[in-house]
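Accompanying notes for the structure given below.
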Protein chains: 2
Amino acid sequence: MHSCPKHIKHLVVKPGGKVKLDRIDPREVDFLGKEDKARAQLAEDIVEIDRLQDRLYAEGKRSLLVVLQGTDTAGKDGTIRGVFNQTGPLGVSVTAFKKPSEDELARDYLWRVHHAAPRRGTIGIFNRSHYEDVLIARVRKFAPKEAIEARYDQINAFEKLLVDNGTIILKFMLHISKKEQAERLQERLDDKTKHWKFNAGDLEDRLLWGEFQKAYELALGRCSTEHAPWHIVPADRKWARNCIVAAVVRDTLENMDPHYPKVPWKASDFEIP
Amino acid sequence: MHSCPKHIKHLVVKPGGKVKLDRIDPREVDFLGKEDKARAQLAEDIVEIDRLQDRLYAEGKRSLLVVLQGTDTAGKDGTIRGVFNQTGPLGVSVTAFKKPSEDELARDYLWRVHHAAPRRGTIGIFNRSHYEDVLIARVRKFAPKEAIEARYDQINAFEKLLVDNGTIILKFMLHISKKEQAERLQERLDDKTKHWKFNAGDLEDRLLWGEFQKAYELALGRCSTEHAPWHIVPADRKWARNCIVAAVVRDTLENMDPHYPKVPWKASDFEIP
């Protein structure tokens with residue numbers, strides 16, 4: 001049901017495929033054409049997403065789940081702002097998954113994720129997601145290796161459940177280079193209005209860059225499925241990142257083709273008292 | 001902490017005051033000045049609300065709760081779209097209160113409302129609210145009279161709890177005329193893309209127009225407090241309604257004056273590895 005415009009089809013991870021992130025250039029944007037044209041297209045896509053979302057909401061039968069993943073500073077917040085800032089807030093909900101609470105840790109790792117599933121008629125956006133449970137959890141060994149190994153299949157089954165019940169799932173890995181991350185972290189240090197975004201823990205994660213990339217490769221390879229594909233988004237350039245995500249979201253919504261629902265009555269059945 | 005531009009101060013219900021809705025003309029818009037100027041101001045307010053919301057989010061200490069009430073077709077959805085459509089979805093959440101579920105009915109009526117309190121750093125919008133429990137609940141006698149009577153004080157105490165803990169509360173009653181409602185209901189019958197919004201139950205409620213207005217008068221009078229004031233918004237004209245709500249929200253956010261937080265470190269403490 002998800003769909004993707006031709007010029008960015010190559011960013012979809014083939015189910016069962018092996019992923020090598022270093023073969024994908026985070027600065028590669030040629031396939032988007034000229035920047036000013038791409039930006040104009042983005043502006044149009046944003047408006048169209050809002051229009052389609054309104055029909056999705058009226059229809060009230062299906063939902064769209066957009067999963068955003070990426071290392072620190074990859075631009076998850078920026079993507080939400082850049083792509084969905086003009087989408088009616090009635091029909092969009094963002095869930096930011098942070099360190100699980102005690103209450104959440106007292107259940108299986110998908111418990112809180114299931115709870116955040118988007119209502120029918122809406123677009124749900126996950127800012128980080130259950131994939132952290134095979135990413136940081138793997139790198140930092142938050143669970144025994146066998147438990148982590150079992151999670152990929154569990155995640156595929158969980159996503160299938162959502163899809164079978166009317167949710168379309170799109171997953172985006174915002175792929176930035178290590179150099180770009182250094183620049184963005186430095187920017188957070190240099191710009192006082194960005195200090196609140198700086199987290200010393202991000203520097204520790206950076207030392208494990210290679211291990212995180214490997215964990216991503218595993219997750220993308222094992223969990224890109226026909227029913228819930230992963231997209232690798234070259235994200236060093238913010239405008240390109242937004243263009244790609246917006247294009248896929250728009251295309252998918254157009255493909256879903258939501259309709260204002262038919263009602264079981266005629267207007268003439270009623271008279272306003 | 002809430003605040004309101006001078007030219008619309010007269011729309012704030014005085015605490016302890018008696019409310020007579022028929023003294024307020026739902027079409028009165030002269031105090032907004034010329035329409036084109038007011039619309040330009042609205043466009044500016046919308047952008048400013050987004051900017052201020054970003055600072056509120058960065059600060060992460062306080063929240064803003066916007067309560068929208070009004071009879072059917074009063075324009076609650078339209079206000080959300082008209083005022084908050086350009087506010088970053090990261091920091092806005094809308095809760096639409098519908099018929100309570102069995103699970104919710106198994107608790108007191110404020111239980112589900114408390115659960116929906118906005119996170120620190122965000123704007124929460126209630127599309128309908130706990131006021132339904134003294135509005136439709138009163139008119140339709142969903143609870144014994146004494147139980148309903150006790151709720152006004154309970155609501156004031158509940159809202160005080162939120163305010164004392166860092167939430168600013170703004171409440172708006174979208175005030176439309178009975179004639180305007182007839183036109184809007186007819187429009188929902190005539191326009192196929194609006195059929196899904198038409199609910200035969202709205203016609204039954206319309207027959208009780210007078211009783212609903214009386215229930216509103218009671219609720220507005222008893223629950224407009226210093227800490228959580230009610231505003232009566234002349235709402236027959238959609239642009240005027242949006243102008244009023246946006247102006248109060250912007251003014252309140254400016255008054256809250258959220259700041260990017262100071263951090264307990266200097267940029268030079270860190271080096272990017």
Other residues, nucleotides, ligands: >12 heavy atoms within 6.0 Å of R119(A) CZ: no
Is R128(A) atom CZ crowded by more than 12 heavy atoms from other residues, nucleotides or ligands, each under 6.0 Å away? yes
So which heavy atom on L203(A) is nearest to which on E271(B), and how close? CD1-O, 4.0 Å
Given T193(A) and R55(B), is the side chain to side chain contact (heavy atoms under 4.5 Å, CB included) satisfied, shown in steps? CA-CA 9 Å; T193(A) 71; R55(B) 275 163 53 190; over 6 Å; no
Angle between ring planes, F198(B) versus F270(A), binned at 30° and 60°: parallel, tilted or perpendicular? tilted
When the 4.5 angstrom heavy-atom criterion is applied to Q181(B) and chain A, the contacting part is neither
For each of T95(A), D190(A), I80(A), tally heavy-atom pairs with chain B at distances under 4.5 Å, and name the one with the top tally. I80(A)
Part of R184(B) within contact of chain A (heavy atom distance under 4.5 Å): neither
Closest-packed option against chain B by number of heavy-atom pairs under 4.5 Å, given Q86(A), K192(A), H195(A), K262(A): H195(A)
Is chain A contacted by the side chain of W265(B), its backbone, both, or neither, given a heavy-atom distance below 4.5 Å? side chain
Enclosure of K178(B) NZ (heavy-atom neighbours >12, cutoff 6.0 Å): yes
In terms of heavy-atom pairs under 4.5 Å, which option from L90(A), V263(A), L185(A), V94(A) contacts chain B the most? L90(A)
Pairs of heavy atoms under 4.5 Å with chain B: top-ranked of G60(A), A267(A), A96(A), A182(A): A267(A)
How long is the straight-line distance from CG of L189(A) back to NZ of K266(B), given to the nearest 0.5 Å? 13.0 Å
Under a 4.5 Å heavy-atom cut-off, does chain A meet the side chain of S93(B), its backbone, both or neither? neither
Residue, of Q186(B), K194(B), H259(B), E59(B), that accumulates the most heavy atom pairs under 4.5 Å with chain A: Q186(B)
If the condition is side-chain contact (heavy atoms from CB on, under 4.5 Å), which residues does T87(A) pass it with, not counting sequence neighbours? I49(A), D50(A), Q53(A), F84(A), V92(A)
Polar side-chain atom of R206(A) near backbone of P273(B) as donor-acceptor pair, under 3.5 Å: yes
